[in-house]
Amino acid sequence: MFSNTECLMSGRYPIHTGFQHSVIHPGEPWGLHLDETIIPQILKEYNYSTHAVGKWHLGMHKWSYTPAQRGFDDFFGYYLGSQDYNTHIRGGGYDLRSDYWNKHGHFVDDVRYDLKGSTAQSFTLSAWWI
């Protein structure tokens, strides 16, 4: 089983990105290699704003692998996959996040413990505010 997220973001087949055999599970120290250029990084070169809502699933064991460090201005969603969409828990940990760069240029990783209930509603509202 593999994730399609790396295919969409990199434009490459999983066999070329290391995702051909598995997805990232909680606590695993790997992700889409930092040498891989992904869509938001290209868009930033042309001065586009970049926003992501949903499931990242491309790595989170170091900050450099997270969405806001890979070219997104902000991100609202899960770093991993297979969460419970009401409790937002995966592998014993809470994984609903709102990451962004504040007006002073500092990175903020806000774990959204305050949001309860359906992820679909939270994702819809987040996308609407973008």
- Side-chain donor-acceptor pair present, His33, Thr17, cut-off under 3.5 Å: no

- Report the distance from atom OG of Ser82 to atom CG of Asp95, rounding to the nearest 0.5 Å. 11.0 Å

- Note on the structure: All heavy atoms of Tyr94 vs all of Leu115, minimum pair found to be OH-O, 3.0 Å

- Task: List for me each residue that meets side-chain hydrogen bond (donor to acceptor under 3.5 Å, both in side chains) alongside Asn102, sequence neighbours excluded, and say none if there are none.
- Result: none

- Can you get from Val53 to Leu96 by hopping between Ile, Leu, Val, Met, Phe, Trp and Tyr side chains that sit under 4.5 Å apart? yes

Donor-acceptor list for residues 59-69 side chains, cut-off 3.5 Å, not counting sequence neighbours:
unit_1 : atom_1 : unit_2 : atom_2 : d
His61  : ND1    : Trp30  : N      : 3.4
Thr66  : OG1    : Trp63  : O      : 2.7

- Salt-bridge contact Arg12-Glu6 (side-chain N to carboxylate O under 4.0 Å): no

- Item | Under 3.5 Å side-chain donor-acceptor pair for His51 and Asp74 | yes

- Item | Path from Tyr85 to Phe123 over hydrophobic side-chain contacts below 4.5 Å | yes

- Message: Please find the pair of heavy atoms, one from Pro14 and one from Cys7, that lie closest to each other, and give the distance.
- Response: CD-SG, 3.4 Å

- Query: Tell me, do Tyr13 and Gln20 make a side-chain contact under 4.5 Å, heavy atoms counted?
  - Reply: no

- Checking Asp84 side chain against Asn86 main chain: does a donor-acceptor pair fall under 3.5 Å? yes

- Task: Dump the intermediate steps for side chain to side chain contact (heavy atoms under 4.5 Å, CB included) on Trp56 and Arg70, then the final yes or no.
- Result: CA-CA 11 Å; Trp56 176 243; Arg70 297 294 303 261; 3.9 Å; yes

- Item | Cluster check Leu34, Ile38: I/L/V/M/F/W/Y, side chain < 4.5 angstrom | no

- Message: In terms of relative ring orientation, are Trp101 and Phe107 parallel, tilted or perpendicular, with 30° and 60° separating the classes?
- Response: tilted

- Task: Could you tell me whether the side chain of Gln121 reaches within less than 4.5 Å of the side chain of Thr119, counting heavy atoms only?
- Result: no

- If we only count heavy atoms from C-beta on, is the Gln41 to Thr50 side-chain gap below 4.5 Å? no

- For the hydrophobic clusters of this structure (ILVMFWY residues joined by side-chain heavy atoms under 4.5 Å, transitively), does one cluster hold both Leu8 and Ile42? no

- Indicate if Tyr48 and Ile39 have the same hydrophobic cluster label, given that clusters are the connected sets of ILVMFWY residues with side-chain heavy-atom separations under 4.5 angstrom. yes

- Query: What residue among Glu28, Arg90, Lys55 forms side-chain contact (heavy atoms from CB on, under 4.5 Å) with Leu80?
  - Reply: Arg90

- Message: Quick check: Tyr100 with Phe75 (ring centres under 6.0 Å apart)?
- Response: no

- Message: Please find the pair of heavy atoms, one from Leu32 and one from Glu36, that lie closest to each other, and give the distance.
- Response: CD1-CG, 3.9 Å

- Query: Taking C-beta and beyond as the side chain, do Tyr79 and Leu58 meet within less than 4.5 Å on heavy atoms?
  - Reply: no

- Query: Do His88 and Tyr113 meet the criterion of a side-chain donor-acceptor pair at a distance under 3.5 Å?
  - Reply: no

- Going from OG on Ser122 to CZ on Arg112, what distance comes out if it is rounded to the nearest 0.5 angstrom? 8.0 Å

- Hey, are Asp99 and Arg97 close enough for a salt bridge, meaning a charged N less than 4.0 Å from a carboxylate O? no

- Query: So which heavy atom on Phe72 is nearest to which on Pro40, and how close?
  - Reply: CE1-CG, 3.4 Å

